[in-house]
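Structure record follows, encoded as structure tokens.
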Amino acid sequence: MRREGLDGARSLSARRQAVLALAASFVLVAVGVFLLVPKPEKEEPAFRGIERPQTLLADDPARAAESLARDLEALGLAPRVTRQEDATLVESPWPKELEDRHRALLARHYLRPPEGTRLAVEVRKRP
């Protein structure tokens, strides 16, 4: 049986083919995993050194941004309103020491106190 190659021992070319088949299947699995891993749809901007703006959702973003800016002005702060593609950014200096009137403004607009001395709110349309 050995002389005819029927004893179950693999020939050198059969071993080489098995190794190549195994390597090819590993490559296919790696490529498949790479292609199937979801990629982020839109890269969000990185805010380094400043706090990321809070998001305020409203049915009428322009009116909500104007209302927030008006309330900030009533507190003696100087807000800056910037219109962007799909949002309105309201930025204002913010006091270190919070008073009741500051807390009331935050509660009225469903905002949290900023960590630093700058309030940044991004007003977007409610989905």
Going by side chain to side chain donor-acceptor pair (under 3.5 Å), name the residues that satisfy it together with [X], two or more places apart in sequence or in a different chain.
X: Arg83; answer: none
X: His109; answer: Asp71
X: Gln84; answer: none
X: Arg70; answer: none

For this session: Work out which heavy atom in Pro79 is nearest to a heavy atom in Ala69; give both atom names and the distance.
Result: CG-O, 3.5 Å

Problem set entry | Residues clustered with Leu68, ILVMFWY side-chain links under 4.5 angstrom | Leu56, Leu72, Leu75, Leu77, Val81, Val90, Trp94, Leu98, Leu105, Leu106, Leu111, Leu119, Val121, Val123

Exercise. Transitive ILVMFWY cluster of Leu36 at side-chain heavy atoms under 4.5 Å: who else is in it?
Worked result: none

Exercise. Below 4.0 angstrom, N of the basic side chain to O of the carboxylate: do Asp86 and Lys125 qualify?
Worked result: no

Problem set entry | Residue pair Gln54, Glu122: steps toward the side-chain contact (heavy atoms from CB on, under 4.5 Å) verdict | CA-CA 6 Å; Gln54 298 181 52; Glu122 190 178 59; over 6 Å; no

Exercise. Side-chain contact, heavy-atom cut-off 4.5 Å: Arg124 with Pro61?
Worked result: no

Seminar exercise, completed: Those residues at least two apart in sequence (or on a different chain) that pass salt bridge (charged side-chain N to carboxylate O under 4.0 Å, His left out) with Glu97 are none

Exercise. Got a sec, which residues hit side-chain contact (heavy atoms from CB on, under 4.5 Å) with Leu22, two or more places apart in sequence or on another chain?
Worked result: Ser25, Phe26

For this session: Return the set of residues passing side-chain contact (heavy atoms from CB on, under 4.5 Å) with Val29 (not counting sequence neighbours), or none when no residue passes.
Result: Val33

For this session: Name all pairs fulfilling the side chain to side chain donor-acceptor pair (under 3.5 Å) condition that reach into residues 60-69, sequence neighbours left out, sorted by first residue then second.
Result: none

For this session: Not counting sequence neighbours, list each pair that qualifies as a ring pair (Phe, Tyr, Trp, His ring centres under 6.0 Å) and has a residue in residues 71-93.
Result: none

